[in-house]
Each structure stands twice: as structure tokens, then as C-alpha cells.
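Since we're looking at a predicted model, the values are computed, not measured. For the numbers below, each heavy atom of this structure counts, side chains included, while hydrogens, waters and symmetry mates do not.
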Amino acid sequence: MFYIELFIYYILAINVITFVVYGIDKLKAKKGWWRIPEATLLLLAAIGGSIGAWCGMMLFRHKTKHWKFKLGVPLIFILQFALLVYVYVKY
């Protein structure tokens, strides 16, 4: 049971962090400052922050025209959800 709670806290934290990072990158884009690499943004989505990434994309209108993000973030979410369902059903 402890592992489930830990997993939930991790998912919440990584999604909040990812959402904030997408917002920071949008601010940096507007100001013309040094940007956060796209690989970092996608990595945050891949390690569990796909919901935060999608919310950041929608709320900040950030990276919504880039095919890597437009297709990649939803695909990452689908894969993560499928894995979660598989693990839940198996165990």
C-alpha cells in the first residue's frame, strides 16, 4: 500500500513540475531568453508528466504547433495509461 501512495505522490509532483516548466519555457520564449531544450520538455512528459505537459501546452498555448509535441505528448500519455492498466490487471 505504501508503494501506491508513493507512486501517486510521484505522479502528482512530476506533473506539477512539468506544468511549471512548460510555463517557464513559454515565458522565456516571449522574452527572447535562453530556452529549455525540447528534449527536456519531452523527457519530463515521458517520466510521468504527460498530463502536466498537455495542460501546459493548452493553458500556455505552448508547443501546440510542433508535431513532436502535438502527437508525442498524447502518445506518451496513451502508452503510460496502457502500461498502468496492464500492471493493474496483471497484479
(message) Which heavy atom of Pro74 sits nearest to which heavy atom of Phe69, and what is that distance?
(response) CD-O, 3.6 Å
(message) Check whether Asn15 reaches the backbone of Gly48 with its side chain - one donor and one acceptor, N or O, closer than 3.5 Å.
(response) yes
(request) Measure the CG-CH2 distance between Asp25 and Trp34 for me, rounded to the nearest 0.5 Å. (result) 8.5 Å
(request) Please work out whether the ring planes of Phe19 and Phe60 are parallel, tilted or perpendicular, with thresholds of 30° and 60°. (result) tilted
(request) Take Lys70 and Thr64 through the test side chain to side chain contact (heavy atoms under 4.5 Å, CB included) and record every step on the way to the result. (result) CA-CA 6 Å; Lys70 194 174 186 178; Thr64 56; over 6 Å; no
(message) To the nearest 0.5 Å, what is the distance between CG on Leu43 and OG1 on Thr40?
(response) 7.0 Å
(request) Return the minimal non-hydrogen interatomic distance between Ala29 and His62, and the atom names on each side. (result) CB-CE1, 4.5 Å
(request) Rounded to the nearest 0.5 Å, what's the gap from CG on Leu79 to CG on Leu75? Could you check? (result) 4.5 Å
(request) Could you state whether Phe77 and Tyr22 fall into the same hydrophobic cluster, counting links through intermediate Ile, Leu, Val, Met, Phe, Trp or Tyr residues with side-chain heavy atoms under 4.5 angstrom apart? (result) no
(request) Give the minimum heavy-atom separation between Lys63 and Met57, together with the two atoms involved. (result) O-CE, 3.7 Å
(message) How about CZ on Phe81, more than 12 heavy atoms from neighbouring residues, nucleotides or ligands closer than 6.0 Å, or not?
(response) no
(request) Verify, without hydrogens or angle tests, whether Lys28 (side chain) and Ile36 (backbone) share a donor-acceptor contact under 3.5 angstrom. (result) no
(message) Rounded at 0.5 Å granularity, tell me how far CG in Leu42 sits from NZ in Lys68.
(response) 7.0 Å
(request) Could you walk me through whether Trp54 and Leu59 pass the side chain to side chain contact (heavy atoms under 4.5 Å, CB included) test, one step at a time? (result) CA-CA 9 Å; Trp54 185 82; Leu59 183 68; over 6 Å; no
(message) If I compare all heavy atoms of Val73 with all of Ala53, which pair ends up nearest, and what's the gap?
(response) CG1-CB, 4.0 Å
(request) Calculate, to the nearest 0.5 Å, the distance between atoms CG and CZ belonging to Leu12 and Phe7 respectively. (result) 10.0 Å
(request) Can you spot which of Ile17, Ile76, Ile14 makes a side chain to side chain contact (heavy atoms under 4.5 Å, CB included) with Ile47? (result) Ile14
(message) Let me check something: do Ile51 and Val20 share a hydrophobic cluster, defined by ILVMFWY side-chain heavy atoms less than 4.5 Å apart, either directly or through other members?
(response) no
(request) Give, for atom CZ of Arg35 and atom CG of Leu41, the distance between the pair rounded to the nearest 0.5 Å. (result) 8.0 Å
